[in-house]
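Data block below; observations after.
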There are 2 protein chains.
Amino acid sequence: MVELKQDTENKILEAAKIVFLQKGMDGARMQEIADEAGINKALLHYYFRSKEKLFEAVFKDVLGDFFPKISEVMLSDLHLFDKIKHFVKEYSNLLYGKPYIPGFIIMEVNRNPQAITNYFSSYAEKIAKANLPALAKQILEMSKNGEIRPVDPRHLIMSMLSMIVFPIISKPIVKVILFQNNDEDYNQFLQQRADYVSDMIINSIKIK
Amino acid sequence: MVELKQDTENKILEAAKIVFLQKGMDGARMQEIADEAGINKALLHYYFRSKEKLFEAVFKDVLGDFFPKISEVMLSDLHLFDKIKHFVKEYSNLLYGKPYIPGFIIMEVNRNPQAITNYFSSYAEKIAKANLPALAKQILEMSKNGEIRPVDPRHLIMSMLSMIVFPIISKPIVKVILFQNNDEDYNQFLQQRADYVSDMIINSIKIK
DNA sequence: GTCTATACACTGATAGAC
DNA sequence: GTCTATCAGTGTATAGAC
């Protein structure tokens, strides 16, 4: 094989992502990652010293795809209702395309809660000092104008995240309980859900 | 040790529960379970033939604590709003006491989605034939009376579950992102949340 | 950079004494 | 029923040839 270093490294990372996302850190096997990448086990250690390091690289990569989006929309100068609609729509679509990722993150963070603190301390600071106050201000003004009932911005964000993410990570369970394990029905349900969630959240704060 | 068979078996189950809940099937070690139970590794295999069998026993046990509650409240003859309040309150309290369980279930179901189908096929049938129609009927009547806007009962259930469960399983992440990793703030937030969720869901369907 | 071969540690499981 | 000792298998990691 006449591969450039960069290419092999990426090939490994992609393979590792596939295996780690499905099996998790503990369940994944270096052999399986090597097979998936079409290379040898020893090469994994040549590029990433250990399984732990390889996992770390994958984890950071995965996280980077998802969390910045949370604050992105929140900082825009859209009308609050449009912010909500936009965020729900964007995030839903993002997740429907990569449904295995939220469960993976939750699983791994639960396994090692310490790690998350390190990865996100700077990011959390940004949200605390920019996003939350901006959102709080917007909410306060609207409630003064009698357009909405006042609401804690953290509850608002938590509600949106909950209603978007939970149906994805709980799919195998809820699909059985509420949809007799019918995959098509469940996917259709998910597709309706983005609009339903936007309406629900807006309705809950709107003064009619 | 002069222990009765029953006692040792329960001691093992409790120890296994502790370890499996924290580490998951793949991360758990038989040695650690034995230590936790204060007995020897060989005894684990004497009582439960294999790690897989032991895990299965723990998993079924854990599931049994949580899912029957979902349909219980739904079948009562309470007013819809009271049903919602009651369910949210009960389920929240249940989860706050055992916060590690939802994440565990989701992790393991993701690892082996096939298993869940077997465990819950009969239960899912019951919900499909009794709970959902009953709830749908109640919603239909109230919307005819002009009390609420019509809503798909599955969306309603999904919303409640999402808003209750997600803040628990995502705690390590959200606590860092929105609460600067302050545990006390987060717990306080969770305690307010049950009332917030009830109000929000009711407000979203109520016609004022 | 990439491979084969292998070292080394760990883990689930069993055998056998008490 | 409970223990100690041990086996067999598997997994991460390294050595060394090309």
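Reminder, nothing fancy here: chain letters follow the sequence lines and each chain counts from 1.
Here A/Asp77 pairs with nothing under the salt bridge (Lys or Arg N to Asp or Glu O under 4.0 Å) rule; sequence neighbours left out.
Ion pairing between A/Lys171 and A/Asp183 holds under the 4.0 Å rule for side-chain N and carboxylate O. Using a cutoff of 4.0 Å between basic side-chain nitrogens and carboxylate oxygens, B/Lys41 and B/Asp35 are not scored as salt-bridged. Salt-bridge annotation for A/Asp26 and B/Lys23: absent, with no side-chain N of the basic residue lying under 4.0 Å from a carboxylate O of the acidic one.
Rounded to whole Å, atom C1' of D/dT2 lies 15 Å from atom CG of B/Asp7. At whole-Å resolution of the value, CG in B/Leu43 and P in D/dC3 are 5 Å apart. Protein atom CD of A/Gln31 is 15 Å distant from nucleotide atom C1' of D/dG9, rounded to whole Å. Here D/dG11 presents its C1' atom at 10 Å from CZ of B/Arg29, a figure rounded to the nearest Å. With rounding to whole Å, B/Ile12 atom CD1 is found 15 Å from C/dG12 atom C1'. What separates NZ of B/Lys53 from P of C/dG12 is a distance of 17 Å, to the nearest Å. A straight line from CG of A/Leu54 to C1' of D/dG11 spans 15 Å, rounded to a whole angstrom. Distance B/Phe48 CZ to C/dA13 C1': 16 Å, rounded to the nearest Å.
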Heavy-atom protein contacts under 4.0 Å, nucleotides 13-18 of chain D, coded B base, S sugar-phosphate only, - none: BBB---

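Close to D/dT2, at under 4.0 Å from its OP1 or OP2, lies a side-chain N or O of B/Tyr47. Residue B/Thr8 has a polar side-chain atom (N or O) positioned under 4.0 Å from OP1 or OP2 of D/dT2.
Residues A/Tyr91 and A/Phe87 place their aromatic rings such that the two centres sit under 6.0 Å apart. Between A/Phe20 and A/Phe55, the ring center distance clears the sub-6.0 Å criterion.
Counting non-hydrogen atoms under 4.0 angstrom, A/Ala28 reaches the backbone sugars and phosphates but no base.
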Pair A/Glu108-A/Arg111, salt bridge (Lys or Arg N to Asp or Glu O under 4.0 Å): steps then yes or no: CA-CA 5 Å; A/Glu108 295 304 334; A/Arg111 189 178 61 87; 2.6 Å; yes

